[in-house]
Each structure stands twice: as C-alpha cells, then as structure tokens.
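Everything below concerns the one structure shown next.
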There are 2 protein chains.
Amino acid sequence: MYSLAEENYIKAIFHLQQTKTGAVSTNAIAESMDTKASSATDMVQKLADKKVLSYIKYKGSKLTEKGKKIATRIVRKHRLWEVFLVDKLGFHWDEVHEIAEQLEHIHSNELIKRLDAFLGSPAFDPHGDPIPDEHGNFMKTEKKLLSQLNKSQYGVCVGVKESSAEYLQYLDKKKISIGTKINVLGKEFFDGSMVIQVGRDQFFISKQIAENLYVQTN
Amino acid sequence: MYSLAEENYIKAIFHLQQTKTGAVSTNAIAESMDTKASSATDMVQKLADKKVLSYIKYKGSKLTEKGKKIATRIVRKHRLWEVFLVDKLGFHWDEVHEIAEQLEHIHSNELIKRLDAFLGSPAFDPHGDPIPDEHGNFMKTEKKLLSQLNKSQYGVCVGVKESSAEYLQYLDKKKISIGTKINVLGKEFFDGSMVIQVGRDQFFISKQIAENLYVQTN
DNA sequence: CTTATTTTTTAGTCAAGGCTAAAAAATAAT
DNA sequence: ATTATTTTTTAGCCTTGACTAAAAAATAAG
Ligand SMILES: [Mn+2]
Ligand SMILES: [Mn+2]
Ligand SMILES: [Mn+2]
Ligand SMILES: [Mn+2]
C-alpha cells in the first residue's frame, strides 16, 4: 500500500515521462508537485528503495514496470471518477478534476471494477483523455493539436491538453466541447493565431488556445 | 479543514457520546480509535485548542456545537456513500463500511449535495442508520432492540447496532434483512436467548444476536 | 581549460501523529 | 485513612513528508 504522497508523486512522474523522453529530472518532479527539489529528492530516493522507480544521482528518475502499473491504476481511477461526476452527478467538465484528485486515492479493487461497469466501461474521460483498462492498456488514438492544422483544414475536437477550469470555461463560452467540428478559416504564421469557425460562429483564437485542443482529422 | 486523523477522532467521539452520557473518557476514545491513551490525549488537547471539543484534564472530552457539526457532516457523507455503494454499485451491505470509511473524507460540499440528490435523498443507510440532512438533523425513529421483546411479541427489522461483516453475514444466512418480520416464539430469561420465527423458519438465537438487531414494533 | 551558473543532493529542522515508559491523579480496597 | 489499582497525562523518541541553507556535481560561458 502506498501513501497519499507516494501515490501523487508516482502519478506525477508517470505523466512527466509521457511527454519528455528519458529520465525525469528531480526539478521537474518538484515543480509538478509544487514542492521543493530537496523534498523531491527525498521522495524519489524512498521510491527507488521500494523499486517503484530507478534513480541515478544527478541523472533523474524513471518508473519501473511496477511503478508504471501503480501509476496507471491511479490514472484509471481518476478518470473513471471524473466520468462518474459528469455523467451521473451532472458536474461540469471544469469542476471535476479537484474532486477526482481526492477520489483517485480510494483503495478498493472491487470498487473500481463496479464503478467501471456502472459507467459502462467508458474509454475516455470528460476531457477526452483515454481511460486505461484493468490491465493498464490505453486506447491509442489519432489526434493532433488544433495548432497543427492549416488554413481550410478542419477537425473534430476530441480532447484538451490543458484542463484547467479557466481554459475549459473559455471553450464553453465559445461553444467548443468534445465532438465539436472546427474549421480553420485562417492562420497567421507570425504568431500562430487562427480564425476558426464553430457552428455558425467565426472568431479569432490565439496560438495558446490552439495548441491545447486536440482534434481528429481523417 | 481538518486532517484525516482529526476527522476520524471527531467522528469516533461523536458516536461515543451518543451512547454514554456526560464526557467521553480518553481511554474510550483510544479504544475506539484502536490507538494508545497517550495518543488520544495528544489529539483531544489539539482538538480542544481548535474549539472542536471541551476537554478537562482527567475528566474527559465533549464535542462543542462546532465539533458536532463537523461530525454530523462526516456521518452524512459516510452513510450517503454506503447507500451509493449498495443501491448503485450493487455492493452487499456487509462490504461497504470500509470503503465508506475512506469516502467520508472526500472534501466537496457540491459533491455531497449532488450525491444526495442522485440517491434520492435517502433517510437511512443500508444498515438502517439515519442519514442526517444537510442541517445535521437526524430523523428520529422508534426502535428497540430485538432483545427487549418478549415471548409472542413481534417486530420488523429496521437496522443493526453492530455492523461488522461477520454479523451481517450471519443475518443473511438467516434471511434477516431490513424489513423482515420477526416473531419471538420463546425467550430464555437465564441467558437472554430466544427462539424466533423468520418467514417459515424457526430457530434459536443467542442474546448477542438479539441485542444487536433493531426492530420496530406496532 | 577554467570560472560562473544552474541543478541536485545533503544536513539539519519542523509539525503531525504515532509509540513506550514513567509520573501523577482519580478511584477502589483494605 | 491509608494503601493499592486503574486511568490519564507527561516526557521523550520515532517516521513521514515538508522546509532552508549549504555543499557538491553538472553544465554553460568566457
Ligand atoms: Mn483530471
Ligand atoms: Mn491526488
Ligand atoms: Mn458504516
Ligand atoms: Mn474514516
């Protein structure tokens, strides 16, 4: 059994090593956990003792298979709970992350199994992130960032990269949610800004908006 | 915001002062928390500083109104989650307590409100215990222990005092659940044992069984 | 290559929440 | 009214997971 703190570190390292390749730096872990580098060092040393990750002084950390398995289970719980909160309790997609951050630490295999069945074994959470199955396998999806599209291409929104309440609320205001079709009417190569069409509305979006939205082309 | 440990102590003290009258002894708290008296002393001193309870050295502890309010909210969450686990996820009544013990510590007022609505604002948990409303009011019920009935009286099971898995599984085996009618066919005054009728079955039960089952007469 | 800067680790401290052993107060038994 | 026993508190120590300040290693600059 892992403590709350350990679980949160493991999950953070898991997410960090998804993006960057190679070992995860202690500073990156500290920043992601909103703590100090010295604290992160202490924790990764402990987790290395427990064979949850491999750690080389001054080089960084990397989850072992064991560590990845633990992380995946937590991510699965987090995302299943988010689906529950949205689909069953009627929460809005910008309200669920903090609560799921707590719920992901409830220990009960039977609970996960039953919750999953109750929700109809969803493959994606309310932000479009894939929910790993009971064996830890993620559904692979073809998706790109809206910012990668060019003028007169279009895509269907399938998820968000950022899932802060602020960003999600912006998307709501613009009537963008998962499944929404987005046409790129224009793209400014100087700053990456775009003019897009959503439904009947046409408007300008900054690069920052465009590079946090996942779309499926095809 | 109160820590996990603080919340568990507050809830334990709340339950202890329901039965016994007057202040709750430090030893009783320690036993109920499965910890040592010295640890309980430390905690009640801290909770007294926080005005959650009044504490007099060598005399014991008593929750303040503030403390009772905190406790009631935790009990409400615990019991609502138990209803969720049984009604929605199909758990059996002897499997839910441990999980609810964790879920009761999730912090979100909105979550409690929505969960309550989702469950149809239940008044009782799966063990027949009343669920306090959002203002902390418990529904008062007329109930007595089965052991208080005499020969040829009858009652309808409305709850259990003990809710250990073992006891609940015994009741299952005997086909006793909430709503079951129980006839007292005989009572032995020497040891408090009884012969009861449940459905078409007649059998012997010990005093220990009889004094952990709540029934409603009339 | 040598120095400066950044990153990371170590050393030492702290609060929370446990523990054991000893002291003190309350209660029970002579 | 003492003495013995039980209950409760205090004192001191431990682990976890933070922190700061200082040292050490890695990296960047000159
Ligand atoms: Mn989330
Ligand atoms: Mn978390
Ligand atoms: Mn319970
Ligand atoms: Mn609990």
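The sequence lines fix the lettering, A, B, ..., with proteins before strands; numbering per chain opens at 1.
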Practice task
Determine, for B/Glu101 against B/Lys11, whether the closest basic-nitrogen to carboxylate-oxygen distance falls under 4.0 angstrom.
Solution key: yes
Practice task
Let me know the distance between CD of B/Glu6 and C1' of C/dA15, rounded to the nearest Å.
Solution key: 12 Å
Exercise for the section: Evaluate side-chain hydrogen bond (donor to acceptor under 3.5 Å, both in side chains) for B/Ser25 paired with B/Asn27, printing each intermediate quantity in order. Expected result: CA-CA 5 Å; B/Ser25 80; B/Asn27 258 8; over 6 Å; no
Problem - Under 3.5 Å side-chain donor-acceptor pair for A/Glu162 and A/Ser164 - result: yes
Practice task
Indicate whether OP1 or OP2 belonging to D/dT16 is found under 4.0 Å from a side-chain N or O atom of A/Ser3.
Solution key: no
Exercise for the section: Rounded to the nearest angstrom, tell me the gap between atom CE in A/Met43 and atom P in C/dT10. Expected result: 16 Å
Problem - Below 4.0 Å: OP1/OP2 of C/dT20 and any side-chain N or O of B/Lys36 - result: yes
Completion exercise
From CG of A/Leu47 across to C1' of C/dT9 the rounded distance in Å is 16 Å
Practice task
Considering only NZ, NE, NH1 and NH2 on the basic side and carboxylate oxygens on the acidic side, decide whether B/Lys50 and B/Glu6 come within less than 4.0 Å.
Solution key: yes
Fill in the blank from the handout: B/Gln45 atom CD is separated from C/dA16 atom C1', nearest whole Å, by 14 Å
Exercise for the section: Give a yes/no answer on whether the side chain of B/Ser39 brings an N or O atom under 4.0 Å of OP1 or OP2 in C/dC19. Expected result: yes
Fill in the blank from the handout: Hits for ring-ring contact (aromatic ring centres under 6.0 Å, His included) against A/Tyr9, two or more places apart or cross-chain, chain-then-number order -> none
Exercise for the section: State whether B/Glu65 and B/Lys68 are salt-bridged, where the test is any N-O pair (Lys NZ or Arg NE/NH1/NH2 against Asp/Glu carboxylate O) under 4.0 Å. Expected result: yes
Exercise for the section: Please identify each residue that fulfils ring-ring contact (aromatic ring centres under 6.0 Å, His included) with B/His127, with sequence neighbours left out. Expected result: none
Nucleotide N/O of nucleotides 5-8 of chain D paired with protein N/O under 3.5 Å:
unit_1, atom_1, unit_2, atom_2, d
D/dT8, OP2, B/Asn27, N, 3.1
D/dT8, OP2, B/Asn27, OD1, 3.4
D/dT8, OP2, B/Asn27, ND2, 3.2

Practice task
Report the distance from atom CD1 of B/Ile29 to atom P of C/dG18, rounded to the nearest whole Å.
Solution key: 13 Å
Exercise for the section: Just call it for A/Thr35: base, sugar-phosphate, or nothing, with non-hydrogen atoms closer than 4.0 Å on any strand. Expected result: sugar-phosphate
Handout entry: Any B/Tyr2 side-chain N or O less than 4.0 Å from OP1/OP2 of C/dA16
Key = no
Handout entry: Spacing of B/Met33 atom CE relative to C/dG18 atom P, expressed in whole Å
Key = 6 Å
